[in-house]
Amino acid sequence: MINNIFDDKVNQLKKDGLYKDIPVIFSKCQNRITINGQQNVINLSSNNYLGLGQHPLVIDAAKKALDQFGVGAGAVRPIVGNNVLIGELEDLIARFKNEEAVTLFQSGLTANLGTIPAITDKGDLILSDALNHASIIDGIRLSKADKKVYKHSDMNDLEHLLKDHRASYNQVLIITDGVFSMDGDIADLPSIVNLAKTYQCMTYVDDAHGSGVLGRNGRGTIDHFGLHGQVDFIMGTLSKAIGVVGGYIASKKSVKEWLLNRARPILFSTAVPPSSLAAIKRSIELLELDQTRVNQLHYNTNLLRTGLIEMGYDVLKSTTPIIPVIIGDEILTAQVSKSLLDRGVFVSPIVFPTVPPSTGRLRIMVSATLTKEDIDEALNVFKDIGDQLKLIN
Ligand SMILES: *Cc1c(COP(=O)(O)O)cnc(C)c1O
């Protein structure tokens with residue numbers, strides 16, 4: 001390689017405060033973790049919203065499947081990787097979500113990367129919210145359709161684009177996060193569904209952060225708004241609140257048949273391991289039976305959010321367990337995160353390019369597993385650091 005170009009690139013990242021030193025976790029990913037050797041740290045950054053990833057019954061289910069099927073799926077689904085548990089799981093999720101059919105993928109990311117290009121074509125248009133997740137953006141890049149971005153949750157802007165461009169395209173797909181992963185706000189799905197009806201468009205909701213969090217027993221953002229049957233493609237992840245790994249698309253049955261034949265992650269990447277399938281199944285069954293964990297999650301979210309707002313922190317318009325604590329400057333954001341960790345609280349700093357420049361933030365991800373003691377202690381530390389670094393007044 002000429003000139004060590006990557007040394008220069010990495011050095012520039014460090015200079016700009018954008019270099020990430022990825023922390024190492026030595027414990028279960030739960031309310032208290034051992035991170036970089038530091039013990040008993042309060043974890044405010046896990047997507048394991050409900051603690052299901054460490055639930056003894058979920059672990060038992062995985063162990064049983066390990067004994068029965070071994071560790072790997074052995075092939076892609078269309079060859080011999082389509083373990084009987086996949087179909088059972090898809091049916092379970094479809095019933096849980098109140099949708100006609102579900103197609104399983106290896107992750108939320110591959111669900112987006114595989115589905116968006118499979119359901120759109122040349123002559124189509126994709127309209128995408130400005131704050132959509134990276135996996136949507138990359139899925140759109142893989143599509144042959146044209147794309148336009150509307151201002152974040154701005155329904156006037158979306159309607160403008162529809163008025164100006166609908167007639168020039170075959171199909172138009174409106175695509176949005178259900179819960180926005182960086183700001184924690186909820187998409188205006190009722191308006192999006194209405195616009196889609198008026199302008200004859202298809203709708204696609206990435207519900208990675210709504211699944212297991214919003215709606216009855218965590219059925220998601222569509223359930224939260226009572227919009228069953230009115231969104232064409234609902235992507236969900238099994239890696240976050242469900243606590244394991246995987247993603248899916250809930251849709252009409254014909255869409256499932258199309259994806260099984262056309263979505264490239266299904267055709268060209270090995271299926272989810274059977275132990276994970278069994279764990280996911282158990283996890284969803286627990287969720288279906290019992291709303292307590294979801295209630296606890298919202299209780300904890302409320303304690304943390306109101307505590308931070310009372311201190312004077314800016315948490316944007318978040319109403320979900322994603323609480324962005326806005327700091328601004330990238331280098332200061334990293335410094336605040338480090339000061340918190342020195343005091344035993346881990347909150348991941350999120351900076352450009354994940355979020356726009358100068359909107360650096362500590363993104364709190366609340367979990368139902370946090371105790372009152374964890375939350376009080378975390379808030380105390382936020383107060384001390386905020387005073388010290390003059391972030392609050
Ligand atoms: C995490 C996330 C994904 C990816 O899900 P994985 O299962 O982790 O691959 C997709 N979309 C959004 C909005 C996410 O937050």
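What you see is a predicted model; the values in this text were computed from it and never measured. Both ligands and their constituent atoms are indexed starting at 1 by order of listing. Along the sequence shown, the residues carry numbers beginning at 1.
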Other residues, nucleotides, ligands: >12 heavy atoms within 6.0 Å of Gln388 CD: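 Counting other residues, nucleotides and ligands, CD of Gln388 exceeds 12 neighbours.
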Tyr299 atom OH, neighbour heavy-atom count above 12 within 6.0 Å: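 For Tyr299, atom OH is not crowded (no more than 12 foreign heavy atoms under 6.0 Å).
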Under the side chain to side chain contact (heavy atoms under 4.5 Å, CB included) test, residues paired with Ala134 that sit two or more places apart: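 Side chain to side chain contact (heavy atoms under 4.5 Å, CB included) list for Ala134, sorted by chain: empty.
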Those residues that, when tested against Phe105, pass ring-ring contact (aromatic ring centres under 6.0 Å, His included) (two or more places apart):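 ring-ring contact (aromatic ring centres under 6.0 Å, His included) list for Phe105, sorted by chain: empty.
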Write 'none' if nothing qualifies; otherwise put on separate lines each N/O atom of ligand 1 with a protein N/O atom under 3.5 Å away and their distance to 0.1 Å.
unit_1: ligand 1; atom_1: 7 (O); unit_2: Gly108; atom_2: N; d: 2.8
unit_1: ligand 1; atom_1: 7 (O); unit_2: Thr237; atom_2: OG1; d: 2.7
unit_1: ligand 1; atom_1: 7 (O); unit_2: Ser239; atom_2: OG; d: 2.5
unit_1: ligand 1; atom_1: 9 (O); unit_2: Gly108; atom_2: N; d: 3.2
unit_1: ligand 1; atom_1: 9 (O); unit_2: Leu109; atom_2: N; d: 2.9
unit_1: ligand 1; atom_1: 11 (N); unit_2: His133; atom_2: ND1; d: 3.3
unit_1: ligand 1; atom_1: 11 (N); unit_2: Asp206; atom_2: OD1; d: 3.3
unit_1: ligand 1; atom_1: 11 (N); unit_2: Asp206; atom_2: OD2; d: 2.6
unit_1: ligand 1; atom_1: 15 (O); unit_2: His209; atom_2: NE2; d: 2.7
unit_1: ligand 1; atom_1: 15 (O); unit_2: Lys240; atom_2: NZ; d: 2.6

Output field: ring centroids Phe180/His152 closer than 6.0 Å: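 Yes, ring centres under 6.0 Å apart.
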Listed partners of Asp146 passing side chain to side chain donor-acceptor pair (under 3.5 Å), at least two apart: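 Testing Asp146 for side chain to side chain donor-acceptor pair (under 3.5 Å), a comparison that skips the adjacent residues, returns Tyr169.
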